[in-house]
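Quick notes on the structure that follows.
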Amino acid sequence: MADLKLTDIKKAYGNVTILHGVDLAITDGEFVVFVGPSGCGKSTLLRIIAGLEQVSGGDIRIDGQSVTNVPASDRGLAMVFQSYALYPHMSVYKNMAFALENMGLGRSEVDKRVRRAADMLQLTAYLDRKPRALSGGQRQRVAIGRAIVRDPKIFLFDEPLSNLDAELRVATRKELAALHAEIGGTMIYVTHDQVEAMTLADRIVVLRAGVIEQVGTPLEVYNHP
Ligand code: ADP
Ligand code: ADP
């Protein structure tokens, strides 16, 4: 768990400015959802926090330490994408275990973490399957499991439910809410779905054309003109 502070984050591609100076403080354990029209910079901001994009200006701090120039792998974050990006030739178990093995964790620690995540996400019966033998919802849960096993300080989600059909989207959304209640990490979540934002967020950040337009609780953002 960790807090995050963004100060005057700017991002330009060539002479096109995408983010015009974003200031935001997120506290330990908070569930924050970024919303806003397509192209307003939500994904770019998330990728900047993740370290997958460099900033053009500004500073990112995690627990008070600047990580602006720290590579993605050393920021203590885990990201879940819209497309599951699972390794097709590896079992569910191995998909979750792989990064941990590469980090040099011992076999029993890896096994403990994978089994705990699988249990939380109702994947225990599917550990030996390949991704192609899973439903879309199960695949997305494996992608979430891969983030959980890393025991990250901050979870980043980029439209994780948007490839699921309506029923699975609701079920997986409820699992995410339960997960946050259970493990309590700091979570930052990008969506264009108002229902997801309202049901998941402690706080909603509304972006428009690369600036923060509004920050508030779901009630403040959606029940006031
Ligand atoms: P959102 O997630 O809110 O839909 P994005 O952050 O994906 O928006 O994109 C914001 C803007 O930045 C869009 O206009 C997009 O075309 C532009 N953009 C994103 N990535 C790049 C890139 N690698 N090069 C140039 N422009 C980009
Ligand atoms: P590969 O075929 O590439 O070796 P596997 O999926 O067989 O990948 O698994 C590799 C590692 O993960 C092995 O150490 C194996 O013991 C472990 N493993 C895979 N599935 C399970 C499982 N269901 N329970 C415990 N360990 C597993």
Side-chain angles (χ1 to χ4, degrees), residues 4-26 30-62 67-73 75 77-86 136 139-140 143-144 146-147 152 154-166 168-169 172-173 176-177 180 185-218 220-222 224:
L4 177 76
K5 193 167 193 322
L6 305 178
T7 307
D8 201 21
I9 299 297
K10 295 191 169 96
K11 179 65 179 177
Y13 292 106
N15 52 19
V16 181
T17 300
I18 305 298
L19 297 172
H20 295 268
V22 169
D23 293 298
L24 182 65
I26 295 175
E30 206 178 5
F31 201 129
V32 172
V33 177
F34 294 170
V35 302
S38 182
C40 69
K42 302 182 294 295
S43 284
T44 302
L45 187 56
L46 198 71
R47 293 170 59 81
I48 281 173
I49 295 167
L52 301 174
E53 299 277 358
Q54 289 302 304
V55 296
S56 307
D59 187 42
I60 307 161
R61 285 178 185 265
I62 297 176
V67 296
T68 313
N69 298 308
V70 170
S73 54
R75 291 191 184 186
L77 314 169
M79 185 144 168
V80 179
F81 298 92
Q82 173 175 356
S83 54
Y84 330 106
L86 303 179
R139 284 179 204 168
Q140 193 53 284
I144 295 167
R146 240 179 6 185
I154 300 176
F155 288 88
L156 305 173
F157 296 95
D158 194 356
E159 306 227 14
L161 309 184
S162 58
N163 280 340
L164 304 180
D165 66 36
L168 268 176
R169 210 178 303 144
T172 311
R173 192 186 79 216
L176 271 175
H180 184 241
T186 305
M187 300 196 171
I188 308 175
Y189 188 104
V190 167
T191 185
H192 59 262
D193 184 309
Q194 186 173 326
V195 176
E196 281 175 29
M198 288 198 64
T199 53
L200 289 170
D202 295 319
R203 236 165 15 124
I204 293 173
V205 174
V206 184
L207 283 165
R208 188 172 299 272
V211 297
I212 292 182
E213 189 180 63
Q214 193 185 356
V215 181
T217 64
E220 286 164 350
V221 169
Y222 289 119
H224 293 280

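Start at 1 and go down the list; that is how both ligands and their atoms are numbered. Keep in mind that the numbers below use all heavy atoms, side chains included, and drop hydrogens, waters and symmetry copies.
- Between D8 and D23 there is a side-chain heavy-atom pair separated by less than 4.5 Å.
- Of the protein's non-hydrogen atoms, T44 OG1, 2.5 Å is the one closest to atom 6 (O) of ligand 1.
- Heavy atoms of C40 approach ligand 1 to within less than 4.0 angstrom.
- Heavy-atom proximity to I18, at under 4.0 Å, picks out these atoms of ligand 1: 10 (C), 11 (C), 12 (O), 17 (C).
- Of all protein heavy atoms, the one lying nearest to atom 2 (O) of ligand 1 is S43 N, 2.9 Å.
- Inclusion of E53 in the set of residues having an N or O under 3.5 Å from an N or O of ligand 1 is not warranted.
- Of the candidates L156, I60, I154, R75 forms a side-chain contact (heavy atoms from CB on, under 4.5 Å) with just one, namely I60.
- Between G41, P37, G210, it is G41 that holds the heavy atom closest to atom 8 (O) of ligand 1.
- Using a distance-only test at 3.5 Å, with no hydrogens or angles considered, no donor-acceptor pair links the side chain of T17 to the main chain of H20.
- Between H180 and F31, the angle of the ring planes goes over 60°, which puts this pair in the perpendicular group of the 30/60° scheme.
- Of the candidates L77, L4, I26, I26 is the only one forming a side-chain contact (heavy atoms from CB on, under 4.5 Å) with T186.
- Only one option out of F157, F34, F155 pairs with Y189 in a ring pair (Phe, Tyr, Trp, His ring centres under 6.0 Å); it is F157.
- Within the 4.5 Å cutoff, the side chain of V80 has no heavy atoms near those of the D158 side chain.
- Here the protein heavy atom with the shortest distance to atom 23 (N) of ligand 1 is Y13 CE2, 3.5 Å.
- Distance remark: protein heavy atom present below 4.0 angstrom from atom 20 (N) of ligand 1.
- Given atom 13 (C) of ligand 1, the protein heavy atom at minimum distance is G39 O, 3.8 Å.
- Within the 4.0 angstrom cut-off, atom 17 (C) of ligand 1 has one or more protein heavy-atom neighbours.
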